[in-house]
Amino acid sequence: MTRGFEEFFRTATGHRPYPYQSGLAARGLPRSLRIPSGGGKTAAAVLAWLYRRLISAPETTPRRLAYVLPQGSLADPTHARIADWLDRLGCADQVDLHLLAGPDAQNGTWRRHPERTAILAGTHDGLLSRALLRGFADARTMAPVSFGLLNTDTHWVFDEMPLMGPGLPTSERLQSLRDSLGTVAPTSSTWMSSVGTGSDADGPAAVRRIKRVHPDPARYADDVAAALIEAHVPGTQTIAVLGSARRAREVYRALRAARPDRETLLVHPYARALDRRERAAELDDAGRDRIVVATGALDVGSDVSGRTLLTELAPWSALVHRAGRCNRHGEHPDGGDLLWCVPPDASGADTDVADWLDAHDGETVTTTDLFRARVGHGTPPSPVLAERDLRAMFDNARGAAPTDASPWICADDERTVFVAWRAWESGEPAEDEPEPARTEQCEAPLSDVRELVDGGRVWLRDPADGRWRHAVSEDLRAGSVVVLDAARGGYLPDAGWAPESAVPVASLFTGRRPSAYACVAWVSLDQHLVETEEEARAVMAALPGLPEEQREAVACAARFHDLGKCHDVFQAMLRSGEGGDPPAYLLAKSKAPWSTGVSTRPYFRHELVSALILLSGEDWHTPRVDPELVTYLVAAHHGQVRVSVRPGADEDAATLLGVRDGDRTPPVDVSTGDRFPAQSLDTAAFRPGGSWTPRVVALRDRPDLGPFRLAFLESLVRIADWRSSARHDGPVEGLVP
């Protein structure tokens, strides 16, 4: 590894660092940073943090970097740029890099290895929703782990904070709550912007001429297309940035109709992963003679440039970023042309911006001119995240009225859902059809999908009983996952999300193919408990900040987490599969569990049984552990039994999550010396009015814990369980990985 930051930076980027970039590496990332567009903010933040984490200050630098782009941005180019830097530095094996944007966000290795240095790149809706335990692209049961890790030992960098709407005050409030409620390891934030009254760096000497165009609202798309064709200079790239995906599609179609011979590219985030990445990759070839039609996806995080750029009137912060894509690097010595127009739905909120542009019509402006211009760019009021709101969101129980985090993250017209297409002969999903995989999904505007609800076009799994049904408008909120009939259209490979299209969509559903890797051995309950404690102690040894009593609580919870698997219902399920003749001892894992039989009790949760066993006696208590904390960590280790617990949709009054009052568990002896006698189970503590929820609330609100620390401890137990289970995974005969 290189020693000095200048050599480090040059190796990564091929360029010498600006003085301010070197200063960040020496002093650390500040709370705020204002740099003109094109001034190298991404490299400054990422490489300064990376240099300090790997070389100059590893002990005081958070081990995770969350690099956050505004919602609607294409995170793929930023992710690819960081990957290239890591490769050039030769440290790709030391630093995990993940894309947490939209449907691509499920990669879970960053959660399985919290001790590793990691960079998480994504958009603010996906990342902030995870930090609020309501991840828009996160499974409900994974949300506590995302929440625990992102609010611990992480440095957040918000790129272009003025473009984040309600997400900006929420990000500030979250940092304040971390500071006041406490985290296991320091977590900090940096907010960056290209809009302000001063400069921390000199931007490129790019110039562009301002000119207004006047499309007729009655034929808006055709007139904008005509203006682009007239302004386009052969042999160069022209970019048009529209304020909505719908208008972008309309202008794209108008261009294709008017000039079918000209290369035209449509870029926005509302596309399936493969198509979106192909569009992003095509943007890299900046020397093409073409017209690129885009949404605000190019405002931040891309290095694309055009000689000519047309933008709709927008808030000043967004307009400055778009202008930064015009002759971005000064590659056109005669300057670029910056065209602008007023969209049909203009609200009048951007009058100051329009006045400034009109006043400078025909003039040539530089990046620094735009950066220093004093133009009103206030943001509309947004709800303030209160401490009570954060505490309320700690409960993510299935079937509860969920706290909707979207008002704290994005404006109403920016909320999105995730859509997949399936081909059904019957016109509807099968009862046992799985939910869409990430590769199937396409992010789409929530307002567009709501328009499809009438007529039964939208399907989802009912959050209460898990059955497929037609969605109603009230079901849909930011982050919902829905399915459409592929035969009825709604998507085009070159245009992405296209609800007006009736062309059948190619379904990406690959069926219910089991994993090629699974448990390949019979694992006793005792062995699994002991190995999970070993894994918990190993991961904690690599992580700083945990007091000894909390370490012991995590280790103890890991040792007891699966006691409930001794229940006859779970043992019968493990033994009913196709793994051969099972041994007689109590099992924790079944050979080839993907082929095991279905539980005889719907909704059965073995971790509820584990918690009931611990609640029934005090023989396992030791002076070094907090029994209340241990019991919670045991109950919560699958993300299903946490603050409040609700029965399945059709369970009777004597049954809770498959556990019946009066069920008996056999005695369990653990080779650590812990012994649990046979007992009769009573679920009263977990029902409304019982003692469970007040106990958990007391833990959540304890000054030495708080929601951030408690979720982090919860995450460690789950991670230890994943790792100990993985010890016995292997390829299953007859299946190809």
Please report the shortest heavy-atom distance between [X] and [Y], naming the atom on each side.
| X | Y | answer |
| --- | --- | --- |
| S146 | D138 | OG-OD2, 2.6 Å |
| A423 | A486 | N-CB, 4.1 Å |
| A430 | W468 | O-CD1, 3.4 Å |
| M192 | P162 | O-CD, 4.4 Å |
| I210 | L357 | CG2-O, 3.9 Å |
| R88 | A12 | CD-O, 2.8 Å |

What distance separates [X] [atom1] from [Y] [atom2], expressed to the nearest 0.5 Å?
| X | Y | atom1 | atom2 | result |
| --- | --- | --- | --- | --- |
| S193 | M164 | OG | CE | 10.0 Å |
| D494 | R249 | CG | CZ | 11.5 Å |
| W459 | W424 | CH2 | CH2 | 6.5 Å |
| L339 | E230 | CG | CD | 9.5 Å |
| E172 | L385 | CD | CG | 12.0 Å |
| L446 | S480 | CG | OG | 7.5 Å |

ask   = Which residue, D222, I291, L265, forms the side-chain contact (heavy atoms from CB on, under 4.5 Å) with L255?
value =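 Passing option: I291.
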task = Give a yes or no on whether the ring-centroid distance for W497 and Y491 is below 6.0 angstrom.
result =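 Aromatic pair excluded; centres sit 6.0 Å or further apart.
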inquiry  = Counting the benzene-type ring for Trp, do W156 and W191 have ring centres under 6.0 Å apart?
reply    =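 No.
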Look at the side chain of [X] and the backbone N and O of [Y], then say whether any donor-acceptor pair between them is shorter than 3.5 Å.
| X | Y | result |
| --- | --- | --- |
| S73 | L69 | no |
| R208 | C326 | yes |
| S507 | W421 | yes |
| T170 | W408 | yes |
| D159 | P70 | no |
| S501 | A498 | no |
| S129 | D125 | yes |
| E440 | A420 | no |
| D289 | G235 | yes |
| R307 | H332 | no |

Is it true that [X] and [Y] have a side-chain N and a carboxylate O under 4.0 angstrom from each other?
| X | Y | result |
| --- | --- | --- |
| R477 | D404 | yes |
| E451 | R246 | yes |
| R288 | E263 | yes |
| D485 | R422 | no |
| R469 | D475 | yes |
| E500 | R253 | yes |
| K211 | D337 | no |

key: Working for salt bridge (Lys or Arg N to Asp or Glu O under 4.0 Å), residues E250 and R247   = CA-CA 5 Å; E250 291 170 351; R247 287 201 298 278; over 6 Å; no
Within the 4.5 Å heavy-atom criterion, are [X] and [Y] side-chain neighbours or not?
| X | Y | answer |
| --- | --- | --- |
| P429 | V483 | no |
| C341 | E312 | yes |
| V417 | V481 | no |
| F418 | V482 | no |
| L310 | T308 | no |
| V375 | L319 | no |
| L283 | P77 | no |
| V292 | L266 | no |

message = Can you confirm whether R256 is buried at CZ, in the sense that more than 12 heavy atoms of other residues, nucleotides or ligands lie under 6.0 Å from that atom?
response =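 Not more than 12 within 6.0 Å, no.
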When you check the side-chain N and O atoms of [X] and [Y], is any donor under 3.5 Å from an acceptor?
| X | Y | result |
| --- | --- | --- |
| S305 | E331 | yes |
| T123 | Q71 | no |
| Y67 | T78 | no |
| R322 | T311 | yes |
| D448 | Y270 | no |
| H232 | R262 | yes |

key: Residues Q441, V419; criterion side chain to side chain contact (heavy atoms under 4.5 Å, CB included); working and verdict   = CA-CA 5 Å; Q441 295 176 29; V419 180; over 6 Å; no
task = Test side chain to side chain contact (heavy atoms under 4.5 Å, CB included) on H79 and I82 and set out the steps.
result = CA-CA 5 Å; H79 177 265; I82 296 172; over 6 Å; no
message = L47 vs Q21, test: side chain to side chain contact (heavy atoms under 4.5 Å, CB included). Steps then yes/no.
response = CA-CA 9 Å; L47 293 176; Q21 294 169 325; over 6 Å; no
task = Please step through side chain to side chain contact (heavy atoms under 4.5 Å, CB included) for the pair T42 and W85, ending with a clear verdict.
result = CA-CA 11 Å; T42 303; W85 294 337; 3.9 Å; yes
